[in-house]
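Accompanying notes for the structure given below.
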Protein chains: 2
Amino acid sequence: MTVSKTAEKSSEKSGDAAKGRKDAGESQGQVHAEALQLGELSEQLGYVLKRAQLKVFENFLRCMASLQLTPAQFSVLLLVEKNPGRNQTEVASTLGILRPNFVALLDNLESRDLCARIRSTNDRRSHILVLTDKGKAVLARAKKLVATKHEARLNELLGQANREALLGMLSKIANEF
Amino acid sequence: MTVSKTAEKSSEKSGDAAKGRKDAGESQGQVHAEALQLGELSEQLGYVLKRAQLKVFENFLRCMASLQLTPAQFSVLLLVEKNPGRNQTEVASTLGILRPNFVALLDNLESRDLCARIRSTNDRRSHILVLTDKGKAVLARAKKLVATKHEARLNELLGQANREALLGMLSKIANEF
DNA sequence: TGATAATTGTTATGGACCATATCAAATATC
DNA sequence: GATATTTGATATGGTCCATAACAATTATCA
């Protein structure tokens, strides 16, 4: 990374690297209008997994546009609702978020009055996390949007049974791989 | 993002946000040793998808440690091998990589003599991409590592049939969602 | 033909996300 | 009570992603 800047490469270095590709009928200007062959790429689980994940997140963001919630923010709200009274370290680590990176995320949610940090009386170092009333209301609307527009679209695409099977296999990978 | 710096928040703002969580048997110091409940989070496809993708990439990197190939680099090599003679724009766009970001990636592969940019004679603006002999050899070894250590582990975890079903569903999401 | 538009690779740049070191305040440990 | 640990926070750097802009080259078309 951050390789040298000068672009005076290519030219005729590795002069024999172009051998073995005698064109099969190309001599004029407009060649290669066809799409590239994915080949073995479409069999690589990692590749397909990444593309699918991007699509799902993209659709999630569209569905949540009215509430301005990212997947990460939504997961925090869900987790805090289910586990009120836990501190930042606990919530962050269950989500796989490092504590330093969790600070700005929470700053954002708190500035929008969706959740609150409360100094614990037991351990005055830690901040207890709770959803505000507005946070609960927004989360409820978010859940409906996800169920109605997001997951529904997936069921429509895969079918209920397949969607559940997919979830099971992904969970297995996420937990046991 | 980049929210204000001062950390004088929390305290007793939103004073009633802590209501409604009358502890169920906690009064002393060491409380909450249990793990958090994931709740609906484990049913969110996006969440599980992202975690699975991270695990798969992580394992891929471990399997490829000896060859120092990232998933993105591997995909470029695979695609160029299957489609020799295409230019940077074509290869980058099929991989969903923006042209500016593809430059450094190629700089890296070219500096390691795995692939080469050749100025096209048809269109002297574009750089034709080809694998070098070393690139072909490295890619061959990479494929074996992926099949032996990476995909094999997945088959062992899911079973051949399930793995193929998973791939099919992910492809469907990636292409039709 | 020649002026103008479009394309290709590239650089610069900024944002989002992730990871590490470090700090002060508070607590735990011995 | 001295020392170590934990918690939230800041600073910082790396990687990935996205946009604007540029020179060189080619396409378009009056």
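These numbers come from the heavy atoms of this one structure, side chains and all, not from hydrogens, waters or symmetry mates. Order of the sequence lines sets the chain letters (A, B, ...), proteins ahead of strands, with each chain counted from 1.
One interatomic measurement links the two molecules: CD of B:E90 to C1' of C:dT7, which rounds to 12 Å at whole-angstrom precision. B:R99 places its CZ atom 13 Å from the P atom of D:dA20, with the value rounded to the nearest Å. Here the P atom of nucleotide C:dG9 and the CD1 atom of B:I118 are 13 Å apart, to the nearest Å. Atom-to-atom, CZ of B:F102 to P of C:dT11 comes out at 14 Å; the value is rounded to the nearest Å. Atom pair B:N87:CG and D:dT26:P shows a separation of 13 Å (rounding to whole Å applied). Atom CD1 in A:I128 sits about 11 Å away from atom C1' in D:dT7, given to the nearest Å. Put simply, CD1 on A:I97 is 16 Å from P on C:dT20, counting in whole angstrom units. Spacing between atom NE2 of A:H127 and atom P of D:dT10 amounts to 11 Å, rounded to whole angstrom units.
Annotation: side-chain hydrogen bond (donor to acceptor under 3.5 Å, both in side chains) contacts involving residues 137-146 of chain B, sequence neighbours excluded, comprise A:E40-B:K143, B:E81-B:K143. Counting only residues at least two apart or on different chains, no salt bridge (charged side-chain N to carboxylate O under 4.0 Å, His left out) pair has a member in residues 97-106 of chain A. For residues 51-73 of chain A, the pairs satisfying ring pair (Phe, Tyr, Trp, His ring centres under 6.0 Å) are A:F60-A:F74, A:F60-A:H150, with sequence neighbours left out. Sorted by first and then second residue, the ring pair (Phe, Tyr, Trp, His ring centres under 6.0 Å) pairs with a member in residues 158-177 of chain B form an empty list; sequence neighbours excluded.
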For a quick test of your reading: what N or O donor-acceptor pairs under 3.5 Å do the side chains of residues 41-50 of chain A make, sequence neighbours left out?
{"residue": "A:S42", "atom": "OG", "partner": "A:G39", "partner atom": "O", "Å": "2.9"}
{"residue": "A:Y47", "atom": "OH", "partner": "A:R51", "partner atom": "NH1", "Å": "2.6"}

Would you tabulate the side-chain donor-acceptor contacts of residues 161-172 of chain A under 3.5 Å, counting partners in other chains and residues two or more places apart, or write 'none'?
{"residue": "A:N162", "atom": "ND2", "partner": "A:L158", "partner atom": "O", "Å": "2.9"}
{"residue": "A:R163", "atom": "NE", "partner": "A:E151", "partner atom": "OE1", "Å": "3.1"}
{"residue": "A:R163", "atom": "NH2", "partner": "A:E151", "partner atom": "OE1", "Å": "3.2"}
{"residue": "A:E164", "atom": "OE2", "partner": "A:Q160", "partner atom": "NE2", "Å": "2.7"}
{"residue": "A:S171", "atom": "OG", "partner": "A:L167", "partner atom": "O", "Å": "2.9"}

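Positionally, the nearest nucleotide of DNA chain D for A:P100 lies more toward the 5' end than for the other of A:K50 and A:P100. Nearest-nucleotide mapping onto DNA chain C: of A:N101 and B:N101, the residue sitting toward the 5' end is B:N101.
Scored by the side chain to side chain contact (heavy atoms under 4.5 Å, CB included) test, A:K149 finds A:C63, A:L145 as partners (sequence neighbours excluded). A:R125 pairs by the side-chain hydrogen bond (donor to acceptor under 3.5 Å, both in side chains) definition with A:D123, not counting sequence neighbours. The salt bridge (charged side-chain N to carboxylate O under 4.0 Å, His left out) search around B:R62 returns B:E58, not counting sequence neighbours.
Between C:dA26 and A:S126, no contact under 4.0 Å exists linking OP1 or OP2 to a side-chain N or O. Under 4.0 angstrom from either OP1 or OP2 of D:dA9 there lies at least one side-chain N or O belonging to A:R117.
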Verdict with supporting geometry, A:L129 and A:N87, side chain to side chain contact (heavy atoms under 4.5 Å, CB included) = CA-CA 6 Å; A:L129 298 183; A:N87 65 25; over 6 Å; no
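Put simply, the residue from B:L131, B:L106, B:L114 that forms a side chain to side chain contact (heavy atoms under 4.5 Å, CB included) with B:V80 is B:L131.
Overall bending of the helix from C:dT1-D:dA30 to C:dC30-D:dG1, expressed as the angle between end axes built from five pairs apiece, is 10° (10° steps).
With distances taken from any side-chain atom of B:R124 to the nucleotides D:dT26, C:dC18, D:dT7, the minimum falls on D:dT26.
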When you compare the protein's N or O atoms with those of nucleotides 1-3 of chain C, which come within less than 3.5 Å of each other, and at what distance?
none

Heteroatom pairs (N/O) under 3.5 angstrom, protein to nucleotides 3-6 of chain D:
{"residue": "D:dT6", "atom": "O4'", "partner": "A:R125", "partner atom": "NH1", "Å": "3.4"}
{"residue": "D:dT6", "atom": "O2", "partner": "A:R125", "partner atom": "NH1", "Å": "2.8"}

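Side chains of A:I128 and A:V130 form a contact here, defined as non-hydrogen atoms less than 4.5 Å apart.
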